[in-house]
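Presented below is the structure to which this report refers.
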Amino acid sequence: MNIIFICIISLFILPQLPWWAVLIMGSAVGFISTGYIKSFANGFLCGSIPWTVAALYGYFNGAELLMTRVSGMLGFDSWIYALLVSFVIGGIVGSLGGVTGYSFRNAFKDQLS
């Protein structure tokens, strides 16, 4: 439930912040996770889903020319491939943040309680 709440908050906050704010949201998710695998997966989801939704929102509200040209510069035929690459990059950044947050919680477990 906390993961869904953080994803919803990310959908509203991340479009106004720089790209590395995904890392902060991912570390918040990792801080409340119960294991390394869960923190990695939850960070991936909380990084990739808001990033992809924001990209789709931008595409359908006037950025289709920009996304088409960027995907052409990357060597892709369609903007869908650029969206998939964006999904993976957001997920990797979020998952690294999730693992960092979980590791931070484990490192300072004695001081936090």
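Hydrogens, waters and symmetry mates are skipped; everything else that's a heavy atom, side chains included, is used.
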message: Quick check: closest heavy atoms across Ile92 and Ser95, and the distance to 0.1 Å?
response: O-OG, 2.9 Å

message: Side-chain heavy atoms nearer than 4.5 Å, only ILVMFWY residues, links allowed to pass through others: does that put Val22 and Phe5 together?
response: yes

field: Where Thr34 and Tyr102 come nearest, the two heavy atoms and their spacing
entry: O-OH, 3.5 Å

task: Please say whether more than 12 non-hydrogen atoms of neighbouring residues, nucleotides or ligands are located less than 6.0 Å from CD1 in Ile13.
output: yes

- prompt: Any idea which heavy atoms bring Pro50 and Ser10 closest together, and the distance?
  reply: CG-CB, 3.6 Å

message: Please give me the minimum heavy-atom distance between Ile9 and Met25, naming the atom from each residue.
response: CG2-CE, 4.4 Å

message: Tell me whether the count of non-hydrogen atoms from other residues, nucleotides or ligands lying under 6.0 Å of OH in Tyr36 goes above 12.
response: yes

field: Same apolar cluster (I L V M F W Y, side chains within < 4.5 Å links), Ile8/Ile49
entry: no

- prompt: Is there side-chain contact between Trp51 and Ile89, with heavy atoms separated by less than 4.5 Å?
  reply: yes

message: For Leu83 versus Ala55, what's the shortest heavy-atom pair and its separation?
response: CD1-CB, 3.6 Å

field: Expected output: side-chain Thr68 to main-chain Glu64 donor-acceptor under 3.5 Å
entry: yes

query: Are the aromatic rings of Phe108 and Phe104 close, with centres under 6.0 Å apart?
result: yes

Heavy-atom closest contact (Met67 atom, Trp79 atom, distance): CE-CE3, 4.2 Å

message: Are Phe87 and Phe44, when compared by the centres of their aromatic rings, separated by less than 6.0 Å?
response: yes

query: Heavy atoms, side chains only, cut-off 4.5 Å: are Cys46 and Asn42 in contact?
result: no

